[in-house]
Amino acid sequence: MSYVKGLRCRECGKDYPEQPVHVCEFCFGPLEVTYDYEAIRRDISREKIAQGPPTMWRYRDLLPVSSEKVVDLGTGFTPLVRADNLARILGLEELYLKNDCVNPSYSFKDRVVSVAATKALEFGFETLACASTGNLACAVAAHAAKAGMEAYVFVPSDLEQGKIVGAAIYQPTLVAVDGTYDEVNRLCSELADRSGWAFVNINVRPYYAEGSKTLGYEVVEQLGWRTPDQAVVPIASGSLFTKIWKGYNELVKVGLLDKVTTRMFGAQAEGSSPVATAYAAGTFTLRPVKAKTIAKSLAIGNPADGYYALKVMEASNGGATAVTDEEVVEGIILLARSEGIFAETAGGVTVAALKKLVASGALRREGTTVAYITGNGLKTQEAVIDHIAQPLHIKPTLRSFEEELARRPELAGVAI
Ligand SMILES: *Cc1c(COP(=O)(O)O)cnc(C)c1O
Ligand SMILES: [Zn+2]
């Protein structure tokens, strides 16, 4: 059983029953899942959630699935880490990092796919598919393996090795397309119409997108049932950004929270920043770009939810910024050396944007700030390999170690 009422067009408000569709047939607006919040309010409580599993499925009352058994790799309820070292460096009063690097396929995409795969099975699909910037390919392949489904995953052919291997290991049919993500996505939209497959981010996108709300719920629960005052979130399509906001606000609707205090800030890489660019220009009209950045997981030039992300920034008195590829690398290294978390390029974008937003005064130094770190650095080693120290290379003798130390003037102060 679920509390879903159906789907509703975000533009014209037309209602649809639960089906594997994602655009309104009248106005082509995107469809979104609607719920019976009154019924949820009667049944849900903080105690009930606390007794649930230590995964994203502790919030299943707020997710659009009705099956008893969900496709679950143990995703979610990831650590919310108090980051005092990084806070001190950046000049923030109270900073937390939501560490989604540690999900089963090493990114937050496991959240959306866990919901999408469960829903695809409910609809009777046998094949799970996606157009991916990388992490989604890994998550779809892993969940299809667990669910015993076929998998077809389409990625741009210039993807990082860690994401190719990180998807291929689960034995999907992996298709590398000579083109940008936006071209891969267009191809997959055509395929979704004729293939009879569940493309998680196309024909079952309304359900898929709901999985990201759990990144809102978890932070609120882990902060002791309050929202952060400021949140910094990386933006590709803009779905994650809008759904974290939806998640915070739903907790008010179902009576688990009094109010949402959060200002929502979006982080993009300069080579793929249509949302941050529109924000800076004070417009809600996005101009698509040909994306080019080392933050490949965020390289979407024509973001489907970009307009709604801008609306969230307006409603929450937030903002957005874009950072250079050099700042992305610095962000990854700063996060690693200050907090011991190795994030992928999207994490570098988030940390660099956090730094920039504090410096510009857009982010306040006071209050509680949460930065969402959404993917694991072992998948994007190419980005940092030329920016880290080579190991000391020695023979297995004390003398060799001492000689090597002496040869390295930068280690002169080290005494053993
Ligand atoms: C996909 C992705 C995002 C952003 O997702 P959208 O919902 O498309 O904005 C952020 N971080 C990582 C690591 C991702 O893989
Ligand atoms: Zn419509």
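All values below were derived from every heavy atom in this structure, side-chain atoms included, with hydrogens, water molecules and symmetry-related copies excluded. Every number for a ligand or one of its atoms is a count from 1 in the order of the listing.
- Remark: the backbone N or O of Gln19 is paired with a side-chain donor or acceptor of Tyr207 at under 3.5 angstrom.
- Here the protein heavy atom with the shortest distance to atom 2 (C) of ligand 1 is Lys109 NZ, 2.4 Å.
- Residue Leu298 touches ligand 1 through its side chain alone, judged by heavy-atom distances below 4.0 Å.
- Residue Phe108 touches ligand 1 through its side chain alone, judged by heavy-atom distances below 4.0 Å.
- At the shortest separation from atom 11 (N) of ligand 1 among protein heavy atoms lies Thr374 OG1, 2.6 Å.
- When heavy-atom distances to ligand 1 are checked against a 4.0 Å cut-off, Lys243 has no atom that comes that close, whether in backbone or side chain.
- Residue contact annotation: Ser107 has no non-hydrogen atom under 4.0 Å from ligand 1.
- Side-chain N/O atoms of Thr261 and Arg226 include no donor and acceptor closer than 3.5 Å.
- A side-chain donor-acceptor contact under 3.5 Å links Thr293 and Asp325.
- At the shortest separation from atom 7 (O) of ligand 1 among protein heavy atoms lies Leu240 N, 2.8 Å.
- Taking the Zn ion (ligand 2) as the corner point, the angle from Cys24 atom SG to Cys27 atom SG is about 120° (rounded to 10 degrees).
- By the 30° and 60° cut-offs, the orientation of the rings of Tyr307 relative to Phe284 is perpendicular.
- Geometrically, ligand 1 and Ile235 share no nitrogen or oxygen pair separated by less than 3.5 Å.
- Looking only at heavy atoms of the protein, atom 8 (O) of ligand 1 is closest to Ser237 OG, 2.7 Å.
- In this structure, a donor-acceptor pair under 3.5 Å is absent between the side chains of Asn185 and Asp182.
- There is a side-chain donor-acceptor pair under 3.5 Å between Thr78 and Lys98.
- For Glu94 and Tyr96, the side-chain atoms include at least one donor-acceptor pair closer than 3.5 Å.
- Using bins of under 30°, 30° to 60° and over 60° for the plane-to-plane angle, the ring pair Tyr37/Tyr35 lands in the tilted bin.
- The nearest non-hydrogen atom to atom 9 (O) of ligand 1, considering only Ala236, Ser297, Gly347, comes from Ala236.
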